[in-house]
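Working notes for the structure below.
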Amino acid sequence: MTTSTAPARADRRARGGPSWVWRCGWLLAAAIPLAFLAIFFAWPVATLVGRGFASEDGSTLGAVAEVLTSARTWRILRTTLTLAVLGTVVSVALGVPGAYLLYAVRFPGRGLLRALVTVPFVLPSVVVGVAFLSLLGTNGPLGFLGWEESLPAIVAALVFFNYSVVVRTVGGLWSRLDPRAVEAARALEASPSRAFRTVTLPALLPAIASATTLVFLFCASAFGIVMVLGGVRYSTIETEIWYQTTQLLDLPAAAALSITQLVVVTLALLATSWTSARQERALRLRGDASGEHTWSWRRDWAATLVTGATVLGVLALPMATMLLRSLRDREGWTLDHYRALGTTVGRSLPVPVWTAIRNSLVVALEATAIALVLGTLVSLVVSRRPRDPLARKGLRALDAAFMLPLGVSAVTVGFGFLITLNRPPLDLRSSMLLIPVAQAIVALPLVVRSILPVLRAIDPRQREAAATLGAGPGRVLRTVDGPFLVRGLGLAAGFAMATSLGEFGATSFLARLDRPTLPVVIFRLIGRPGEANFGAALAASVVLTTLTAVVMLLAERLRPAEASEL
């Protein structure tokens with residue numbers, strides 16, 4: 001009897017049929033992150049939406065109608081869409097040649113250039129704003145252009161952020177295109193430009209469309225860049241929500257604006273989902289054929305000039321200027337701006353800058369720990385491959401639910417916290433976990449997207465083979481999934497840590513005066529007049545950039561091969 005039941009148990013394990021204990025365990029692994037998402041994301045956002053639909057006399061749609069009929073609101077919406085469209089168009093126009101040069105052409109130093117192009121995407125938005133302010137401000141090297149607090153300055157900063165999104169999204173597909181289609185067109189006497197228009201470009205359109213919608217989403221929800229570079233002339237929905245909340249204390253108006261933003265973001269997310277699905281089908285059809293070729297000046301001069309000018313002028317120049325200006329004052333080279341980080345910078349701050357740096361590190365570690373625990377649970381659950389169609393649909397819905405914070409502004413999340421977590425049954429106004437929880441919500445989608453592809457790369461036959469050999473569900477999880485999970489945690493931790501270090505949107509609502517984070521301190525220093533304040537802001541920005549770069553460098557070294565196209 002023992003002999004006959006052992007194979008039966010092994011067969012059940014091989015089919016993936018866990019016992020009721022393990023069923024409860026998987027349900028609990030899904031329920032804990034879902035409860036967190038419901039309490040700290042869905043509830044604040046839903047409350048915010050309700051606040052926007054309720055006016056002072058209790059009528060529905062009153063506040064929304066009042067805000068939407070305001071001339072100021074329409075002007076702000078036009079500015080938001082104008083910046084988003086211009087930032088998207090320029091990013092795509094410059095990113096497509098960069099995708100070709102960095103992914104379809106082989107040349108020495110390509111890996112280093114790819115890494116340099118990727119770094120701006122993870123930099124804190126406040127730091128990017130300071131970098132462009134140091135370059136384009138009155139005393140900056142390009143101050144003669146008169147672009148301080150101008151539309152070109154904001155657009156250039158948006159391109160700085162989103163250039164790598166286009167390059168990596170389009171380049172990842174370009175490197176897999178089968179070159180034989182282009183070769184066939186050239187054999188039929190098509191010119192290089194015609195072969196590109198008729199063969200290559202149609203194949204790239206799904207990736208270009210996906211990158212376009214993503215960049216539009218990021219540009220429409222930019223906060224720190226507009227706050228630093230926009231001044232009083234340029235306000236977007238994000239900055240107006242902050243202004244209505246913190247300066248005018250008009251919460252219904254801010255809630256109505258948040259609803260408007262949610263509509264814009266939802267439309268962008270739907271477009272992103274649709275174009276991403278098209279891109280995945282294209283990749284499946286084309287396989288892994290490589291279209292790379294060796295660099296040639298005669299053939300690749302245009303892409304080389306455009307990419308070189310973009311990398312040097314848009315990516316490297318602002319950061320280099322920020323670093324050099326942090327080491328100078330009116331008398332010449334100095335380290336005084338860095339020494340000022342140990343002070344309150346002439347009583348401009350309630351605490352020394354180094355205290356804010358320590359706060360940022362502590363908060364980022366706490367947020368990273370929360371995001372990693374929840375993201376790991378979600379990824380383990382969603383990576384299962386059940387045979388039941390209803391269960392598969394449920395896992396897809398769970399995966400989509402944890403992507404929602406990626407499409408909702410951090411400003412909206414922070415504002416939602418402000419109006420919901422300030423009274424029983426969950427009063428966190430005095431809790432030190434309020435900011436880490438908000439930052440964990442922002443970082444959670446990136447953690448899931450870093451871990452999940454690694455777990456999905458596991459061949460299900462490995463689990464079946466282990467179960468057939470008598471391994472229980474726990475041992476299968478530990479010996480098969482465990483090593484892959486560990487390999488994905490490094491990249492996930494890096495993204496979560498970098499995101500938390502530079503998070504400004506939600507933190508600007510929630511940070512206490514005696515416990516500011518470094519991005520909040522940098523913004524406060526920029527807003528105060530005087531060379532000492534701006535110099536300290538430059539030095540603090542360099543420190544924050546260094547911390548973020550070190551975190552991502554360590555994460556890249558731990559990056560698994562399966563996540564190479566994330």
### Task
Only one of Leu135, Leu136, Leu317, Leu324 passes side-chain contact (heavy atoms from CB on, under 4.5 Å) with Pro141; say which it is.
Leu135

### Task
Provide the closest heavy-atom pair for Arg512 versus Met432 in the form atom of the first, atom of the second, distance.
NH1-CE, 3.7 Å

### Nearest-0.5 Å distance, CG of residue Leu446 to CE of residue Met497
15.0 Å

#### Entry: Sole residue of Ile76, Thr80, Leu257, Val411 in side-chain contact (heavy atoms from CB on, under 4.5 Å) with Glu238
Val411

## Note on the structure
For Phe402 and Leu444 the tightest heavy-atom approach is CD2-CD2, 3.5 Å

### Query
If we only count heavy atoms from C-beta on, is the Glu503 to Val363 side-chain gap below 4.5 Å?
no

### Summary
Scanning both residues in full, the closest heavy-atom pair of Phe216 with Ala84 reads CE1-CB, 3.5 Å

### Query
Nearest heavy-atom pair of Ala410 and Val442: which atoms, and what distance?
CB-CG2, 4.1 Å

### Any Val127 side-chain heavy atom under 4.5 Å of Met322 side chain
yes

### Task
Look only at the side chain of Arg114 and the backbone of Leu102, and say whether a donor-acceptor pair between them is shorter than 3.5 Å.
yes

### Query
What are the two closest heavy atoms between Ser360 and Leu518, and how far apart are they?
OG-N, 2.6 Å

### Query
Looking at side-chain heavy atoms only, is the closest gap between Val521 and Leu349 below 4.5 Å?
yes

### Message
Side chains of Ser125 and Phe223, heavy atoms from C-beta outward: is any pair under 4.5 Å?
### Response
no

### Task
Check whether any side-chain heavy atom of Leu544 lies under 4.5 Å from a side-chain heavy atom of Pro519, and answer yes or no.
yes

### Query
Is the centre of the Phe509 ring less than 6.0 Å from the centre of the Phe417 ring?
no

### Summary
side chain to side chain donor-acceptor pair (under 3.5 Å) test vs Gln439 passes for just one of Thr368, Thr499, Thr507, namely Thr507

### Closest non-hydrogen atom pair between Leu133 and Leu229, with its separation
N-CD2, 3.9 Å

### Message
If you take the centroid of each ring, where Trp contributes its six-membered ring, are Phe132 and Phe160 closer together than 6.0 Å?
### Response
yes

